[in-house]
There are 2 protein chains.
Amino acid sequence: MQSDCRHCPFKTKATSMLCDCSLDQLTANHLELKLKKGDSIIKQGTYSTNVVFLRTGLAKIHIAGPYTEQIVKMVNAPSYLGLPTTFGSKINQYSVTAVSDAEVCFIDLEVFQTILDENKEFNREIIQEFCKNELESFHRCANRTQKLIRGNMADALLDFADKIFKSDTFNLPLSQTEFANLVDTSRESVSRVLAEFDKDGIIRVSGRQIEILNKKSLILVSQNG
Amino acid sequence: MQSDCRHCPFKTKATSMLCDCSLDQLTANHLELKLKKGDSIIKQGTYSTNVVFLRTGLAKIHIAGPYTEQIVKMVNAPSYLGLPTTFGSKINQYSVTAVSDAEVCFIDLEVFQTILDENKEFNREIIQEFCKNELESFHRCANRTQKLIRGNMADALLDFADKIFKSDTFNLPLSQTEFANLVDTSRESVSRVLAEFDKDGIIRVSGRQIEILNKKSLILVSQNG
DNA sequence: TAATCAATGTGATGCATATCACAAAATTCA
DNA sequence: TGAATTTTGTGATATGCATCACATTGATTA
């Protein structure tokens, strides 16, 4: 299925800088797909010649660690997925899975490369994106390894509220096991700490519904223990 | 000091793809510097409008974590440093310090951007570099957080041997405290584990001189406990 | 060459958190 | 609607490792 990319309402900042001719090229060379929660978008270990554009929805990037699956980061639309893999290695080095219903476009790598070559502004934006990711990744890693569980959980919750849902009330799109993989803990600890936060009046938990009651406290927990 | 970039014997793969006119532009717009072990190359928190080219030597990228300094990765020449910062934020988000004597070139960001705009091949290589880094960073983080200390230490030692020094005998360019920051442990654990590996005949340690005696074992330790 | 400071070795102790082992909900599905 | 499966809650136990507290060695400098 190919809709017209010129009028796609879900452009990234980068995409909005493309000339019409490049957009037409995209239109002619992309495959649009509707996905359901849980569907795999990119599968670690498989061969890939596509860049994926996440048009709508929320996805998790995860990687098989030495022992358990680890969720590297959450990504919400609009965003390009799989760039590192496609340019870096051809074989997908990580998986991406939809955690909500989502729409994606598969774009041929060659076409993407051409567009990258021919649009300075687009190219710059994409590079900026890489830079931002690398920095984030440095910080995330330093935090994860140094902070205690409560701190990391607080971080993750703030991230969901501020970056992903832009609201202090949201539905956790992950099971506690997945959340544990994101925060580098055990499922049990997630359960316990969530209960603690609730008891302390920092958040209200009911099922997967989370409401942040006391953001200041949550930020404090994120910074200290 | 400006030497001629055309005949620089330390080009990266990317740089070797530049046209002469771009190289001349580099020649006219770079500042060459000789550094000594321990000298700071990039300082977290300071303003930056330069990309740094590490011509010769070995450097550590480190970042102030919530509690301790963390060494994110080791980089050896030839390599560009500080790209994420300059494009991503202007304020340096991490530090880079020479751990051996080194030579660096400071390149104005504007000039670098222009060159990036005008050389498709160079541009592609730099993007590839970003991709590779992102993937590495995913893997490193997953390993660090999941493996036990012995595994991480083994990893780090193998990394030094294979990637940095290309030899199974080398001089650790870091103190045990720094090594601990690289591997996410305490100084004491580094000391202990190094002694264990020595006792087990996997490596020979004398001062900072390390010789890998049984690489197979070391790889096994890296994979398991 | 003594004296000061930095880097390393090593035991004892405590703590955060993984793991185990279930019970209880909640969800899926037939 | 009931059975089966997944998800979640919670105590008890075990353990890897940080931290503390020194001793020792090695480097630096006056």
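Below, read A as the first sequence line, B as the second, and so on, with proteins coming before strands; counting in each chain starts at 1.
Between B/F165 and B/F170, the ring-plane angle classifies as parallel under the 30° and 60° cut-offs.
In this structure, A/R208 reaches the sugar-phosphate backbone alone: every heavy-atom distance under 4.0 Å involves primed, P, OP1 or OP2 atoms, never a base. B/S189 comes within contact range of the sugar-phosphate backbone alone, with a heavy-atom separation under 4.0 Å but no base atom that close. Within the 4.0 angstrom heavy-atom criterion, only backbone atoms of the sugar-phosphate kind lie near B/S175; the bases stay farther away.
Annotation: of the two residues near DNA chain C, B/R192 and B/T177, the 5′-most nearest-nucleotide partner is B/T177.
In this structure, B/E196 atom CD and C/dG11 atom P are separated by 12 Å, rounded to whole Å. As a whole-Å value, the separation of A/N152 CG from C/dT17 C1' is 13 Å. Between A/K36 atom NZ and C/dT28 atom C1' there is a gap of 13 Å when expressed in whole angstrom units. Between B/D198 atom CG and C/dT10 atom P the separation is 11 Å, expressed in whole Å. Atom CZ in A/R144 sits about 18 Å away from atom C1' in C/dA16, given to the nearest Å. The interatomic distance linking A/R187 (CZ) with C/dA21 (C1') rounds to 11 Å, in whole Å.
For the atom pair B/H139 NE2 and A/Q93 CD, the distance stands at 5.0 Å (nearest 0.5 Å). For the atom pair A/F130 CZ and A/N133 CG, the distance stands at 7.5 Å (nearest 0.5 Å). Atom CE in B/M153 sits 5.5 Å away from atom CZ in B/F197 (nearest 0.5 Å).
Listed nucleotides C/dT10, C/dT17, C/dA21 differ in distance to A/I149; the shortest reach to its side chain belongs to C/dT17. Here C/dA16 is the nucleotide among C/dA16, C/dG11, C/dT8 with the atom lying nearest to any side-chain atom of A/L148.
When the local axes at the two ends of the helix from C/dT1-D/dA30 to C/dA30-D/dT1 are compared, using 5 base pairs at each end, they differ in direction by 50° after rounding to 10°.
Salt-bridge check for B/E129 with B/K13: failed, with every basic side-chain N at 4.0 Å or more from each acidic carboxylate O. Electrostatic pairing of A/D198 and A/R204 does not count as a salt bridge here, judged by no charged N lying under 4.0 Å from a carboxylate O. Remark: A/K215 engages A/D162 in a salt bridge, criterion side-chain N to carboxylate O under 4.0 Å. With respect to B/D155 and B/R150, no salt bridge is recorded, no charged nitrogen being found less than 4.0 Å from a carboxylate O.
Scanning DNA chain D 5' to 3' for nucleotides with an atom closer than 4.0 angstrom to a non-hydrogen atom of chain A gives a first and last hit of D/dT7 to D/dA12.
Using a 4.0 Å cut-off, no side-chain N or O of B/Q176 falls inside it from OP1 or OP2 of C/dA6.
Between B/C5 and B/K11, the shortest heavy-atom contact is O-CE, 3.6 Å.
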